[in-house]
Structure formats: structure tokens, C-alpha cells
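What follows is a short report on a single structure.
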Amino acid sequence: MNKRIAILISGTGSNMLALVKSMEGDHPGTVALVLSNNPNTIGLQRAKNLGLPIVCLDHRPFGKDRIAYERALHQVLLNHSIDFICLAGFMRIFTDEFISLWEERILNIHPSLLPKYKGLKTHQRAIDSGDCEAGCTVHLVTSKLDAGPLLGQARVKIFENDTAHLLRRRVLSQEHKLYPIILKRFLAGHRNFFHLDK
Ligand code: GRF
């Protein structure tokens, strides 16, 4: 039976679109839900235009009560019989309670070569550090931020006079290749590290 995937977004949803596009034919997963915490995100509109099941679960009415938000989120995921979660630019950090409910079942894509540059502003930090390469990582989500087991990476060169904007674009285009490959491998039971060659 195909695994039912929820893709969680907060922004433009370009990784979501790459995943959706890849999940055709004999793919072991089906997009069963695209969910956003942000009612105004373009990504949710894009998913709707594709006829995908969408839910907006706005975080604002929950204020600072992260647990209450996550309980509502968990219920939505159960209602859609979700097996696995793909975070694709979902700008919320989960509590241990939520992670333990979904242990080994949440993937994330991060725009750096983890373990370098956890958190935000990854491209500028790579440039500022004088690195000659940057990239993206797909990893399992654990209670430690951006520190779960690595499933795969793709690298890009950093050029002289590079800017965070240009680097972000090049990394993003690798993200769109890497995430679909890793999701397919993961659903087929592969957990060993994969490196995407340019
Ligand atoms: C990507 O850079 C991803 O690595 C990060 O959030 C961004 C989402 O971009 N986690 P998009 O919404 O998929 O275009």
C-alpha cells in the first residue's frame, strides 16, 4: 500500500512542488495533505491549484501554546491517515511531545551541509566563513534542531563575489533534486547516506 505523505510548508512551496511532481507512477508515496501554518502562503494556493488536499492551520490563534497547536496538527494528520511528514520550509520548531508521536517519520530539508550552519541565514554564514562549497541536507527530525540523522546531501560551489541570494537559488535548485530522491529511497526502506552528484 502506498504511504500517505503530508507536506508541511510556510512559504513559497517550491520543494513541495518538486516532491508532488516526483510522486507519480509507481512511487511508493501519495501526497495526502499539504498543510501550512500561514494562511497567506503562495505554496498553499499552488497546492490548491493542483487539486491537492490542503489544510491551513494558522498558528496565531494558539498564541504561545505550542503544545495546543501541535495537538491540533496531530489531529489533522490523523484525520488524513498520514504515515510520514515532509517538512518543506515549515517555519515552526516542534516540541519533544510531537516528535515522539512521529518518531522516525518526519523528514526535513535544510539549506546547508549539516552539521554546519543549523538554524537560519545559512547561505550568508557559509559565505562569511569563506567556505568554498555549500549545499543542502535531508535529515530525519529529532528533538535536537537540525541535528537528526543525515539521509542525503547535495553540494554546490561558492564563487568569489557570491551573494546569499545567488547561492540560495543554486542551492534551492539542488534541493528540488535531492528531496524527491531521498523521499523515494526512504519510503523504500533505505536509511544509508546518499550523496547527489552534480
Ligand atoms: C528551503 O530553502 C528549505 O531548505 C528550507 O526552507 C526553504 C523552503 O523553500 N527548509 P520553499 O518554500 O520550498 O521554496
Side-chain angles (χ1 to χ4, degrees), residues 1-11 13-36 43 47 50 52-55 70 73-74 76-118 122 134-156 171-198:
M1 228 201 15
N2 260 23
K3 297 297 181 196
R4 294 175 61 79
I5 311 299
I7 308 176
L8 273 50
I9 61 173
S10 298
S14 69
N15 276 288
M16 176 272 296
L17 291 177
L19 289 172
V20 168
K21 204 170 159 200
S22 73
M23 291 165 73
E24 289 173 345
D26 64 351
H27 198 284
T30 301
V31 186
L33 175 66
V34 176
L35 180 143
S36 177
L50 290 172
L52 296 167
I54 61 161
V55 167
E70 289 176 356
L73 172 60
H74 183 63
V76 173
L77 297 168
L78 293 184
N79 292 347
H80 287 78
S81 305
I82 297 303
D83 296 304
F84 294 97
I85 301 170
C86 285
L87 304 180
F90 189 62
M91 298 302 285
R92 291 189 67 83
I93 296 171
F94 293 124
T95 64
D96 290 357
E97 177 177 314
F98 185 83
I99 303 276
S100 66
L101 289 170
W102 291 90
E103 202 166 5
E104 303 275 314
R105 294 195 291 156
I106 312 176
L107 276 63
N108 182 41
I109 185 144
H110 183 77
S112 80
L113 295 172
L114 291 173
K116 278 187 156 183
Y117 314 125
K118 296 167 183 159
T122 55
C136 52
T137 304
V138 177
H139 64 96
L140 273 169
V141 174
T142 63
S143 54
K144 293 211 173 86
L145 182 67
D146 298 330
L150 306 188
L151 297 171
Q153 286 184 326
R155 291 167 186 272
V156 303
V171 170
L172 197 58
S173 113
Q174 289 297 88
E175 292 181 30
H176 298 160
K177 293 179 195 153
L178 181 71
Y179 210 174
I181 293 172
I182 300 299
L183 176 62
K184 194 169 183 185
R185 281 171 52 87
F186 183 80
L187 294 179
H190 301 293
R191 300 288 186 276
N192 57 319
F193 183 81
F194 176 88
H195 181 253
L196 178 67
D197 290 320
K198 274 168 245 166

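The shortest distance between side-chain heavy atoms of Trp102 and Leu73 does not fall below 4.5 Å. Leu183 places a side-chain heavy atom less than 4.5 Å from the side chain of Leu107. Arg92 has its side chain out of reach of Ser10: every pair of non-hydrogen atoms, C-beta onward, lies at least 4.5 Å apart. In this structure, Phe90 and Ile106 have side chains that are not in contact, with every pair of non-hydrogen atoms separated by 4.5 Å or more. Residues Phe98 and Ile85 meet the side-chain proximity criterion, which asks for heavy atoms closer than 4.5 Å. Looking at heavy atoms from C-beta onward, Leu50 lies out of side-chain contact with Val31 at the 4.5 angstrom threshold. Annotation: side chain of Val76 is not in contact with side chain of Ile82 (no heavy-atom distance under 4.5 Å). Side chains of Arg155 and His195 form a contact here, defined as non-hydrogen atoms less than 4.5 Å apart.
In this structure, CD1 on Ile99 lies 12.0 Å from NZ on Lys144, to the nearest 0.5 angstrom. Separation of atoms CD1 (Ile182) and NE2 (His190) is listed at 10.5 Å; rounding is to 0.5 Å. Separating the CD1 atom in Ile5 from the CZ atom in Arg105 is a distance of 10.5 Å, to the nearest 0.5 Å. In this structure, Leu151 CG and Ile109 CD1 are separated by 10.5 Å, a value rounded to the nearest 0.5 Å. The NE2 atom of His139 lies 4.5 Å from the CG atom of Asp146; values are rounded to the nearest 0.5 Å. Taken to the nearest 0.5 Å, the CG atom of Leu87 stands 11.5 Å off from the CD1 atom of Ile93.
What you find for Thr142 and Pro149 is that their closest heavy atoms are CG2-CD, 3.8 Å. Residues His27 and Ser22 share a closest heavy-atom pair of CD2-O, 3.3 Å. When all heavy atoms of Cys136 and Val171 are compared, the closest pair comes out as CB-CG1, 3.9 Å. Contact between Gly29 and Asn2 at its shortest, heavy atoms only, is O-ND2, 3.4 Å. For the pair Asp96 and Ser143, the tightest heavy-atom approach, listed with the atom from each and the gap, is OD1-CB, 2.9 Å. Scanning both residues, Pro28 and Leu187, for their nearest heavy atoms gives CG-CB, 3.7 Å.
In this structure a side-chain-to-backbone donor-acceptor pair under 3.5 Å is present from Arg191 to Phe186. The backbone N or O of Asn192 sits less than 3.5 Å from a side-chain atom of Arg185, completing a donor-acceptor pair. Thr137 contributes a side-chain N or O that, together with a main-chain N or O of Ser112, makes up a donor-acceptor pair within less than 3.5 Å. One N or O on the side chain of Glu70 and one on the backbone of Thr95 form a donor-acceptor pair closer than 3.5 Å. Looking only at distances, a side-chain donor or acceptor of Asp83 sits under 3.5 Å from a matching main-chain atom of Arg4.
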Inset, instruction - Before giving the answer on side chain to side chain contact (heavy atoms under 4.5 Å, CB included), spell out for Gln153 and Leu196 the whole-Å C-alpha distance, their side-chain angles and the decisive distance to 0.1 Å. - result: CA-CA 6 Å; Gln153 286 184 326; Leu196 178 67; over 6 Å; no
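At a cut-off of 3.5 Å, with distance as the only test, no side-chain donor of His110 or Thr122 sits close to an acceptor on the other residue.
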